[in-house]
Amino acid sequence: MNATELLSGRHSTGKLTEPAPDAATLERAIRSALRAPDHGALTPWKILVFRGEGRTKLGEILGEALLRQMPDASADDVAKAKKKVDRALLLVAVVASLKPSKKIPEVEQLLSAGCVMYGLHLALTAEGFGSVWKTGAPVYDPFVRERLGLAATDQIVGFLYVGTPAEPAPDVKRPEPKDFATEWG
């Protein structure tokens with residue numbers, strides 16, 4: 001698959017099954033993703049990998065976070081929050097670890113971390129795996145950041161759920177370049 005085919009065929013994979021990438025495959029994907037643009041060479045990112053017990057602990061944090069946000073949440077709602085981690089055997093969080101800089105604005109650092117997430121998604125696709133980039137309330141919750149051992153200034157870009165596609169990707173209409181690109185001048 002060449003790069004243009006990879007990019008034009010990019011899609012999220014909602015239904016994932018076993019297997020998840022092994023350690024060597026994940027390391028290759030992360031190595032590729034870390035080639036993201038990084039103005040000033042600040043490396044404003046962290047990557048957290050959740051498998052096995054780590055994934056279970058993340059589920060507990062998500063359940064606890066829901067209760068903190070909504071103290072009257074039902075037991076079913078809490079159980080559902082905890083089970084979100086069961087959508088895939090491997091979850092990866094990309095974190096924007098913003099660095100003080102007079103030269104490099106925070107927005108550039110955040111965009112760099114977003115490129116790491118996108119690069120990871122593409123690299124795993126090239127390796128034959130499916131993934132979906134999820135955000136939601138836990139990504140923005142200071143309690144979740146704290147429980148994950150992150151700094152108050154860190155921002156979770158999202159969670160990438162990774163596995164083997166359980167079914168072919170649906171055919172969806174893609175944006176047309178003519179609707180978004182304008183020759184200026």
Side-chain angles (χ1 to χ4, degrees), residues 1 6-7 10-38 41-66 68 78-99 109-166 169:
M1 170 183 311
L6 177 64
L7 290 165
R10 192 222 66 82
H11 62 275
S12 294
T13 307
K15 295 192 181 204
L16 299 164
T17 188
E18 296 180 33
D22 62 21
T25 303
L26 181 59
E27 183 177 337
R28 274 193 310 276
I30 291 172
R31 184 178 309 281
S32 298
L34 294 178
R35 296 290 301 186
D38 178 16
L42 296 178
T43 59
W45 353 271
K46 295 176 188 172
I47 298 172
L48 305 176
V49 177
F50 303 91
R51 295 184 196 260
E53 184 63 29
R55 193 180 64 150
T56 302
K57 288 179 182 176
L58 176 61
E60 293 296 321
I61 292 169
L62 297 180
E64 201 174 336
L66 178 66
R68 292 174 68 84
V78 174
K80 187 177 175 184
K82 289 179 180 182
K83 286 191 153 299
K84 285 183 179 182
V85 299
D86 293 339
R87 294 176 181 162
L89 291 177
L90 171 67
L91 280 75
V92 181
V94 173
V95 177
S97 184
L98 306 176
K99 311 283 196 287
Q109 297 179 54
L110 185 60
L111 289 168
S112 179
C115 287
V116 168
M117 178 68 97
Y118 188 57
L120 185 57
H121 171 71
L122 291 173
L124 289 164
T125 299
E127 292 278 357
F129 292 94
S131 62
V132 60
W133 179 347
K134 294 281 193 178
T135 57
V139 165
Y140 308 105
D141 189 331
F143 171 77
V144 172
R145 283 195 306 268
E146 177 186 317
R147 289 293 307 275
L148 293 177
L150 302 173
T153 56
D154 288 343
Q155 295 180 38
I156 301 171
V157 173
F159 291 97
L160 195 65
Y161 289 71
V162 185
T164 298

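Since the model is a prediction, treat every value here as computed from it, not as a measurement.
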Verdict with supporting geometry, Val144 and Val139, side-chain contact (heavy atoms from CB on, under 4.5 Å): CA-CA 7 Å; Val144 172; Val139 165; over 6 Å; no
side-chain contact (heavy atoms from CB on, under 4.5 Å) between Leu7 and Tyr118, intermediate numbers included: CA-CA 10 Å; Leu7 290 165; Tyr118 188 57; 3.7 Å; yes
Distance-minimising heavy-atom pair for [X] and [Y]:
X: Ala166; Y: Thr17; result: CA-CG2, 4.1 Å
X: Ala36; Y: Cys115; result: CB-CB, 3.7 Å
X: Val94; Y: Ala113; result: CG1-O, 3.5 Å
X: Asp141; Y: Ala65; result: OD2-CB, 3.6 Å
X: Leu66; Y: Ala81; result: CD2-CB, 4.0 Å
X: Val162; Y: Ser131; result: CG2-CB, 4.1 Å

Value rounded to 0.5 Å, distance of [atom1] in [X] from [atom2] in [Y]:
X: Glu64; Y: Lys82; atom1: CD; atom2: NZ; result: 9.0 Å
X: Thr13; Y: His121; atom1: OG1; atom2: NE2; result: 7.0 Å
X: Lys80; Y: Leu62; atom1: NZ; atom2: CG; result: 13.5 Å
X: Thr153; Y: Leu98; atom1: OG1; atom2: CG; result: 6.0 Å
X: Leu58; Y: Leu48; atom1: CG; atom2: CG; result: 9.0 Å
X: Leu120; Y: Thr125; atom1: CG; atom2: OG1; result: 9.5 Å

[Y] and [X], any side-chain heavy atoms less than 4.5 Å apart:
X: Leu124; Y: Leu160; answer: yes
X: Phe129; Y: Leu90; answer: no
X: Phe50; Y: Val85; answer: no
X: Arg10; Y: Leu122; answer: yes
X: Ile156; Y: Thr135; answer: no
X: Val92; Y: Ile30; answer: no
X: Leu89; Y: Pro19; answer: no

Note: Arg31-Glu27 ion pair, threshold 4.0 Å (strictly below):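 Yes, this pair counts.
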Any donor-acceptor pair under 3.5 Å from [X] side chain to [Y] backbone:
X: Arg28; Y: Ala123; result: no
X: Trp45; Y: Leu34; result: no
X: Ser112; Y: Pro37; result: yes
X: Gln109; Y: Lys99; result: yes

Given Arg55, Lys84, Arg51, Lys134, the one that forms side-chain contact (heavy atoms from CB on, under 4.5 Å) with Leu91: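 Of all the options given, the one that passes is Arg55.
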Atom CD of Glu18: over 12 foreign heavy atoms under 6.0 Å: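 Not buried by this count: 12 neighbours or fewer within 6.0 Å.
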